[in-house]
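Per chain, numbering begins at 1; letters A, B, ... match sequence-line order. Since we're looking at a predicted model, the values are computed, not measured.
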There are 2 protein chains.
Amino acid sequence: MPTISDVARITGLSKSTISRVINNHPYISSDKREKVLKAMEEIGYYPNPSARRLRGHTTNTIGVIVPRIVNPFFSYLVNSIEQEAFKNNYQVIIFQSNDLKDKELYFLNLLKNRQVDGIIMTSIENDWETIEPFMQYGPILLCNEYVNQSSVSKVRLDQNKGAYMGTEHLINKGHQKIAYCTGGLFAGYGRDLDRNTGYQKAMDKHHLTPNPSWIFIERHSIEDGKSVVKEILSMNDKPTAIFSGSDEVAAGIIIEAKENGLRIPDDLAVVGFDDQPLAEIVEPKLTTIKQPIDEMGIKSVELLIKMMNNKDSLAEEVQLPIQLIEREST
Amino acid sequence: MPTISDVARITGLSKSTISRVINNHPYISSDKREKVLKAMEEIGYYPNPSARRLRGHTTNTIGVIVPRIVNPFFSYLVNSIEQEAFKNNYQVIIFQSNDLKDKELYFLNLLKNRQVDGIIMTSIENDWETIEPFMQYGPILLCNEYVNQSSVSKVRLDQNKGAYMGTEHLINKGHQKIAYCTGGLFAGYGRDLDRNTGYQKAMDKHHLTPNPSWIFIERHSIEDGKSVVKEILSMNDKPTAIFSGSDEVAAGIIIEAKENGLRIPDDLAVVGFDDQPLAEIVEPKLTTIKQPIDEMGIKSVELLIKMMNNKDSLAEEVQLPIQLIEREST
DNA sequence: AATGAATATGAAACTGATTTCATAACGAGC
DNA sequence: GCTCGTTATGAAATCAGTTTCATATTCATT
């Protein structure tokens, strides 16, 4: 690979001049500039990024932490982030935390090591006290998941309202016995907690008290959804509707319910969360809460770039609207 | 951020010695080693990757090109690659080519610029003549998609056999009028071509000649699948079965067919390709060809690392088995 | 006791860029 | 004709490591 010295030698100029041409500095005579550009082209010269980084302290790379990329919600989010980053000349390094504290920490260290200029976290595994110190090494932005900390920038959705809308939708359809499925009730972080309170609020407002055994926690997959139905079938006091924090779980519920002769939505109404592609594939099609994933990704990259360019910009919080998509499962 | 010089100053040793400790060189007295490790720990020193790269020419990063991450096939593949890379201490940079030649070239340049040590290509947009020169800058491995070039390593599936199995399965079920859906008939590359010949071979063997209007090309999405059914409905000579090169297209076909009163598999039998999660969600559940995605990812990383460590290892080709999963759509 | 190999360490060169400092040439203003 | 600001360029320092070369000990061998 040719280096800047090669270009200097060929053109008979100094490295400084070549560097100035590359970086569009002023005060270069146009004939020399031409000459340099021509030589670079000729020998196929391209500046070595490691050397630039070493000097310039910037990597043009942003890191994205997702719990798992195979979850469509996150693959769509990553898609949007990658597209927007590319537009702005940034590369994206993707990490899956797999819900593991250690892996998350490992990735946060990339910020410390200056392998990335900034990080977008779409989930949080460690305590905030553990994560916060990394902010001194570069900007961290929370997208989707969040903590109640004014010092960190976040792009988030009104999950509370989403859950409220979903639950109230079921109530408006005449349901009173409404079960609730969530990922982590005790996760301690914002997103799921918000949904919980949203559900709670809607129930309270309509003076409904759910049977405690209708609250299902730690449900993530299609299989988990199926297990929910099995549990419900063995109950004496059965719910007539379920609000699920995940489309996948909702799909599992629908599949298993049908398998057991339940009619949807007549015997059991189901609302999901995310509006994943599968929402239109299950039968009946799933009523769900749509999250503006693309906007979330775009906004996150936008904000992060702003933070990276302006070291001491204040933390910002962006909240995006959320929406109920009514289909056939309610 | 502390540097190696800080550690040297604190311990009263030279940078060389510190470097030797970091890199586990022999011939260091154990008391000095302890001292250095302690000092590093104390001031929270971590070697700057850019400086190491500049000298060492290795980035511990591999690049992965996928057409689009939101396609479950690729998000599962990326998942597997990322997991295996992490195990081997490699980071993964992910790029979406979005089927664009330019974007693919941009990413290949990362190899030239030494931003990545090697690249796994899961799709190919440019002519091989355009891509090949990049191999001089570092190893390139083809995974999933491939070209008929002995000089490049590949991890691939017997697509030909997959398509053959799927088609023959339909024939065994008594079908004679079998339509065929593919991504790109004229793409010119291995994967789709192999599937085409697999279909062809099965038909030929059983002395069947498909109506040319039953061959649908450039179909990728659920929507595309729906359009296929619409076209079929307007035909005089209708196929009784479809072999689709994609589960998503197959799902679209099933949804739209049911919408129009067709019974599956009685009026129309459908076979997909990939065994994506949605194959178990559509109703009836989709008979499909299962590809061993995880093994593919693992094998690819394994092979790539081998190539990166051994500069002049010969190109290898790994072919993984493929399998028919019979469900309810046939 | 002399020689040579193995062990242990440091100084300085090197990786490939950017940036600072110095300086030369040129034109404008007095 | 002299000073000053602008334009244009190069030498050398710098970034943070790794590697080469040199050298000083220590220990075993004859």
NZ/NE/NH1/NH2 to OD/OE distance under 4.0 Å, [X] and [Y]:
X        : Y        : answer
A/Glu316 : A/Lys154 : no
B/Asp127 : B/Lys101 : no
B/Glu145 : B/Arg156 : no
A/Lys38  : A/Glu34  : no
B/Lys35  : B/Glu42  : no

Fill in: Bounds of contact between DNA chain C and chain B, in 5' to 3' order, using a heavy-atom cut-off under 4.0 Å
C/dT7 to C/dG16
Practice prompt. Please report, rounded to the nearest Å, how far the P atom of D/dT7 is from the OH atom of A/Tyr27.
Written response: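 Going from A/Tyr27 (OH) to D/dT7 (P), I get 4 Å.
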Worksheet item: Which whole-number value in Å describes the distance from B/Ile22 CD1 to D/dG17 P?
Response: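 In whole Å, D/dG17 P and B/Ile22 CD1 are 7 Å from each other.
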Practice prompt. Would you confirm whether B/Glu84, through its side chain, and B/Ile81, through its main-chain N or O, come within 3.5 Å as a donor-acceptor pair?
Written response: no
Item to complete: Indicate yes or no for a side-chain donor-acceptor contact from A/Glu104 to the backbone of A/Asn126 under 3.5 Å, with no hydrogens or angles considered.
Response: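 Side chain of A/Glu104 to backbone of A/Asn126, a donor-acceptor pair under 3.5 Å: yes, one is there.
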Worksheet item: D/dT18 phosphate, OP1 or OP2: any side-chain N/O from B/Arg52 under 4.0 angstrom?
Response: yes
Discussion item. Is the phosphate of D/dT18 approached by B/Ser19 (side-chain N or O, under 4.0 Å from OP1 or OP2)?
Written reply: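 Yes.
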Practice prompt. Could you check whether A/Thr17 gets within reach of a base, just the sugar-phosphate, or nothing at all, counting any heavy atom under 4.0 Å?
Written response: sugar-phosphate
Worksheet item: Reckon B/Arg53 touches a base, only the sugar-phosphate, or nothing at all at heavy-atom distances under 4.0 Å?
Response: nothing
Practice prompt. Name the residue closer to the 5' end of DNA chain C, choosing between B/Arg114 and B/Leu13 according to the nucleotide with the nearest heavy atom.
Written response: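 So the residue in question is B/Leu13.
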Worksheet, complete the sentence: By nearest-heavy-atom nucleotide on DNA chain C, the more 5' of B/Pro26 and B/Leu54 is B/Pro26
Item to complete: List in numerical order all residues of residues 28-48 of chain A for which some heavy atom is under 4.0 Å away from an atom belonging to DNA chain D.
Response: A/Ile28, A/Ser29, A/Lys32
Worksheet item: Quick one: does A/Val301's side chain get under 4.5 Å of A/Gln83's, heavy atoms only?
Response: no
Discussion item. Going by ring pair (Phe, Tyr, Trp, His ring centres under 6.0 Å), name the residues that satisfy it together with B/Phe95, two or more places apart in sequence or in a different chain.
Written reply: B/Phe107
